[in-house]
Colleague: 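Mind looking over this structure? Questions follow.
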Amino acid sequence: PEHLSCYALSVEDGTPLGDLRAQGRLEPVGEEEARGLFLATLRRLAELGYPFYEVSNFARSPALRCRHNAKTWAGAPYLGFGPAAHSFRPPVRSWNDPDLEGYVAALEDGRDPPGGSETLNAAQRALERLFLGLRTVSGADLAAIERDLSPGFRKTNAALVGRLAAEGLAVLDGDVLRLAPEGLAVADAIAPRFRL
């Protein structure tokens with residue numbers, strides 16, 4: 001294949017695996033083992049010609065990367081079609097009814113499929129841009145976040161950025177903060193440490 005998406009398995013309640021976990025017949029992988037498996041996946045896929053471009057996505061070349069996802073990670077507007085599909089028209093995110101019958105009935109009645117929506121404030125958009133940027137090979141442009149959404153962002157977080165670099169979790173290249181492999185393994189825990 002030219003592209004791979006490699007996600008850690010999420011065991012959800014109400015599924016056969018969730019039932020096995022609830023019965024004690026399925027033991028979840030521990031954090032250290034999951035981290036080791038993630039780092040081994042990054043390393044092995046890079047050796048095989050699949051560099052990562054987002055925490056869970058790998059492609060043989062930049063031309064083979066998922067364009068839709070790249071727009072999502074960059075905060076660009078997008079439209080979602082189908083049950084449970086999400087759309088984003090900054091600053092509003094909306095989603096369709098996840099129930100296929102409800103979705104079809106709304107369309108047949110000439111209505112938008114019900115679902116929900118939320119309006120993101122500047123702080124939420126800044127955190128999302130940071131969170132999503134840190135998950136990608138492009139990194140998070142701290143100057144752009146500061147300019148567009150959160151004045152004083154770089155100064156407020158300078159000590160944290162220094163700690164992340166000292167711990168080997170991130171690299172600051174000009175205004176762009178990128179996570180090192182060890183940082184990518186804990187990416188979801190890093191963004192919430194920033195202050196807006």
Side-chain angles (χ1 to χ4, degrees), residues 1-29 34 37-38 41-42 45 50-138 140-141 144-145 148-150 184 186-192 196:
E2 298 173 331
H3 183 282
L4 296 169
S5 292
C6 302
Y7 293 89
L9 177 64
S10 295
V11 178
E12 302 292 333
D13 292 338
T15 64
L17 285 177
D19 293 343
L20 289 174
R21 181 182 61 193
Q23 298 165 9
R25 295 173 49 203
L26 175 70
E27 185 176 329
V29 173
L37 288 168
F38 173 79
T41 300
L42 281 181
L45 289 179
Y50 294 94
F52 100 95
Y53 68 95
E54 191 272 340
V55 166
S56 300
N57 290 280
F58 306 80
R60 288 211 180 264
S61 76
L64 298 171
R65 295 175 181 171
C66 179
R67 289 175 294 181
H68 167 76
N69 287 356
K71 288 185 172 211
T72 302
W73 300 322
Y78 56 89
L79 288 174
F81 300 95
H86 282 63
S87 298
F88 185 54
R89 288 186 179 174
V92 178
R93 177 177 295 114
S94 60
W95 51 91
N96 295 337
D97 186 340
D99 176 65
L100 177 61
E101 291 177 9
Y103 178 84
V104 170
L107 292 178
E108 287 175 344
D109 290 344
R111 297 178 287 115
D112 285 335
S117 68
E118 62 183 343
T119 300
L120 303 178
N121 63 34
Q124 290 169 315
R125 291 178 62 208
L127 184 59
E128 189 168 277
R129 189 182 293 181
L130 173 73
F131 170 73
L132 294 173
L134 289 177
R135 293 176 58 87
T136 69
V137 70
S138 301
D141 186 336
I145 292 171
D148 298 342
L149 302 165
S150 184
L184 289 168
V186 293
D188 292 350
I190 289 178
L196 302 172

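Residue indices begin at 1 and follow the sequence shown.
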Colleague: For A191 versus L130, what's the shortest heavy-atom pair and its separation?
Modeller: O-CD2, 4.0 Å
Colleague: Could you check whether any side-chain N or O of T119 sits under 3.5 Å from a backbone N or O of P91, counting only pairs where one atom can act as donor and the other as acceptor?
Modeller: no
Colleague: side-chain contact (heavy atoms from CB on, under 4.5 Å) for C6 and F38? Distances and angles first, verdict last.
Modeller: CA-CA 9 Å; C6 302; F38 173 79; over 6 Å; no
Colleague: Return the minimal non-hydrogen interatomic distance between P90 and G75, and the atom names on each side.
Modeller: CG-O, 4.0 Å
Colleague: Are any of the side-chain heavy atoms of Q124 and R93 separated by less than 4.5 Å?
Modeller: no
Colleague: Would you call V137 and R65 a side-chain contact if the rule is heavy atoms closer than 4.5 Å?
Modeller: yes
Colleague: Determine whether L120 and E128 make a side-chain contact, defined as any pair of heavy atoms from C-beta on separated by less than 4.5 Å.
Modeller: yes
Colleague: More than 12 foreign heavy atoms under 6.0 Å from CD of E2: is that the case here?
Modeller: no
Colleague: Check whether any side-chain heavy atom of R135 lies under 4.5 Å from a side-chain heavy atom of S56, and answer yes or no.
Modeller: yes
Colleague: Could you give the distance from CG (D112) to OG (S87), rounded to the nearest 0.5 Å?
Modeller: 9.5 Å
Colleague: What are the two closest heavy atoms between D188 and P192, and how far apart are they?
Modeller: O-CD, 3.4 Å
Colleague: Apply side-chain contact (heavy atoms from CB on, under 4.5 Å) to the pair T41 and F58, showing each step before the final yes or no.
Modeller: CA-CA 10 Å; T41 300; F58 306 80; 4.3 Å; yes
Colleague: Determine the minimum heavy-atom distance between A85 and G80, stating which atoms define it.
Modeller: CB-C, 3.5 Å
Colleague: Answer yes or no: is there a donor N or O on one side and an acceptor on the other, between the side chain of R21 and the main chain of V11, under 3.5 Å?
Modeller: yes
Colleague: Using modelled atom types and a 3.5 Å cut-off, is there a donor and acceptor pairing between side-chain atoms of Y103 and backbone atoms of A84?
Modeller: no
Colleague: More than 12 non-hydrogen atoms from neighbouring residues, nucleotides or ligands closer than 6.0 Å to CD on Q23, yes or no?
Modeller: yes
Colleague: Could you walk me through whether R125 and I145 pass side-chain contact (heavy atoms from CB on, under 4.5 Å), step by step?
Modeller: CA-CA 9 Å; R125 291 178 62 208; I145 292 171; over 6 Å; no
Colleague: How about Y7 and N57: do any of their side-chain heavy atoms sit closer than 4.5 Å?
Modeller: yes
Colleague: Using 0.5 Å steps for rounding, measure from the CG atom of L37 to the CG atom of L42.
Modeller: 11.5 Å
Colleague: Check the orientation of F88 and Y78. Use parallel for under 30°, tilted for 30 to 60°, and perpendicular for over 60°.
Modeller: tilted
Colleague: Measuring from L132:CG to T72:OG1, what's the distance to the nearest 0.5 Å?
Modeller: 8.5 Å
Colleague: Compare all side-chain heavy atoms of Y50 with those of R60 and state whether any distance is below 4.5 angstrom.
Modeller: yes
Colleague: Would you compute the distance between atom CZ of F131 and atom CD1 of I190 and round it to the nearest 0.5 angstrom?
Modeller: 11.0 Å
Colleague: Are N96 and F81 side-chain neighbours, meaning at least one heavy-atom pair lies under 4.5 Å?
Modeller: no
Colleague: Could you report the tightest heavy-atom contact between A106 and P113, atom names first, then the distance?
Modeller: CB-CA, 3.7 Å
Colleague: State whether D141 and R129 are salt-bridged, where the test is any N-O pair (Lys NZ or Arg NE/NH1/NH2 against Asp/Glu carboxylate O) under 4.0 Å.
Modeller: no
Colleague: Quick one: does D109's side chain have a donor or acceptor within less than 3.5 Å of a partner on R111's backbone?
Modeller: no
Colleague: What I'd like to find out is whether the side chain of E12 reaches to under 4.5 Å of the side chain of L17, using heavy atoms alone.
Modeller: no
